[in-house]
2 protein chains.
Amino acid sequence: MSDDEKYMTMALEEARKALSKDEIPVGCIIVAEGRVVGRGYNLTETLQDVTAHAEIQAITAAAQTLGGKYLQGCTLYVTLEPCVMCAGAIGWAQVSRLVYGATDEKRGYTGFAPKALHPKCKVEKGILEDRCRLLLQEFFQNKRKP
Amino acid sequence: MSDDEKYMTMALEEARKALSKDEIPVGCIIVAEGRVVGRGYNLTETLQDVTAHAEIQAITAAAQTLGGKYLQGCTLYVTLEPCVMCAGAIGWAQVSRLVYGATDEKRGYTGFAPKALHPKCKVEKGILEDRCRLLLQEFFQNKRKP
């Protein structure tokens with residue numbers, strides 16, 4: 001298992017925490033020099049707050065851990081392609097590398113604001129894509145059951 | 001003074017709170033049926049958190065006040081054109097109307113993600129534009145002094 005797969009597995013564990021609270025299962029991990037400095041999972045329903053996406057919480061947590069608001073040198077792992085809001089936050093934080101699992105064709109930033117990230121941010125997608133997507137599908141299929 | 005000017009004046013008061021903390025002076029007010037339900041001002045330096053923009057805090061506050069995460073029927077007043085992150089949050093919250101003062105040519109959402117807002121959101125810009133812009137200019141001019 002590669003490092004990217006290892007950290008995406010941890011992001012999936014965060015996503016499972018969201019699932020256990022009946023939230024859309026998205027999880028995020030931020031890593032700096034091999035150390036996890038921030039975590040988060042979607043809590044928009046629990047907190048009744050649209051800004052409580054996994055990435056926003058992980059960015060706030062990582063800034064606290066590192067003692068500064070810029071996350072240069074950090075890699076952000078998230079199970080689903082970030083939305084415009086989160087891509088904007090990832091851009092402001094100057095995250096150096098973004099790795100995501102499943103693509104979000106409806107709300108993903110690439111369809112709305114492809115330049116939202118910092119110009120130096122490297123992007124990799126599709127890491128553990130199937131597992132990330134299946135977790136989301138599981139959630140939505142259960143929602144549709146009578 | 002129109003209602004829009006009245007509420008933008010309140011947003012400017014929020015921006016002045018940011019200025020007093022040596023933060024880039026941006027302030028935000030959310031109004032529902034003539035009642036202020038959320039306020040916020042930029043605290044990114046104080047909190048060392050890139051997500052601590054005025055709008056994000058006001059959206060979180062308004063959701064708490066109203067007991068729900070959707071801000072349909074609300075008008076969001078902000079002294080500066082929202083960035084991509086904040087426009088994404090305004091979109092998720094389904095804010096019905098966005099009113100902003102100064103245009104942000106470098107980082108404003110209209111240059112990056114013009115479709116980030118909810119499709120039904122009505123936008124008005126330029127309310128008390130001069131006062132909003134002058135407050136920002138005052139901050140940056142003071143920063144440049146030796």
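All values reported here derive from a predicted model rather than from experimental measurement. The figures that follow rest on heavy atoms only: side chains count, while hydrogens, waters and symmetry mates do not.
In this structure, the ring of B:H118 has its center no less than 6.0 angstrom from the ring center of B:W92.
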(request) Determine, stepwise, if the pair B:D49 / B:T51 fulfils side-chain hydrogen bond (donor to acceptor under 3.5 Å, both in side chains). (result) CA-CA 5 Å; B:D49 185 344; B:T51 73; 2.8 Å; yes
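With chain B as the partner, the residue from A:G91, A:A89, A:A116 showing the most heavy-atom pairs under 4.5 Å is A:A89. The most heavy-atom pairs under 4.5 Å with chain B, out of A:Q64, A:Q94, A:R107, come from A:R107.
Contact of the B:F139 side chain with the B:I24 side chain is registered, since non-hydrogen atoms from C-beta on lie closer than 4.5 Å. Between B:K21 and B:Y41 the shortest side-chain heavy-atom distance falls below 4.5 Å.
Heavy-atom distances place no part of B:L66 under 4.5 Å from chain A, backbone and side chain included.
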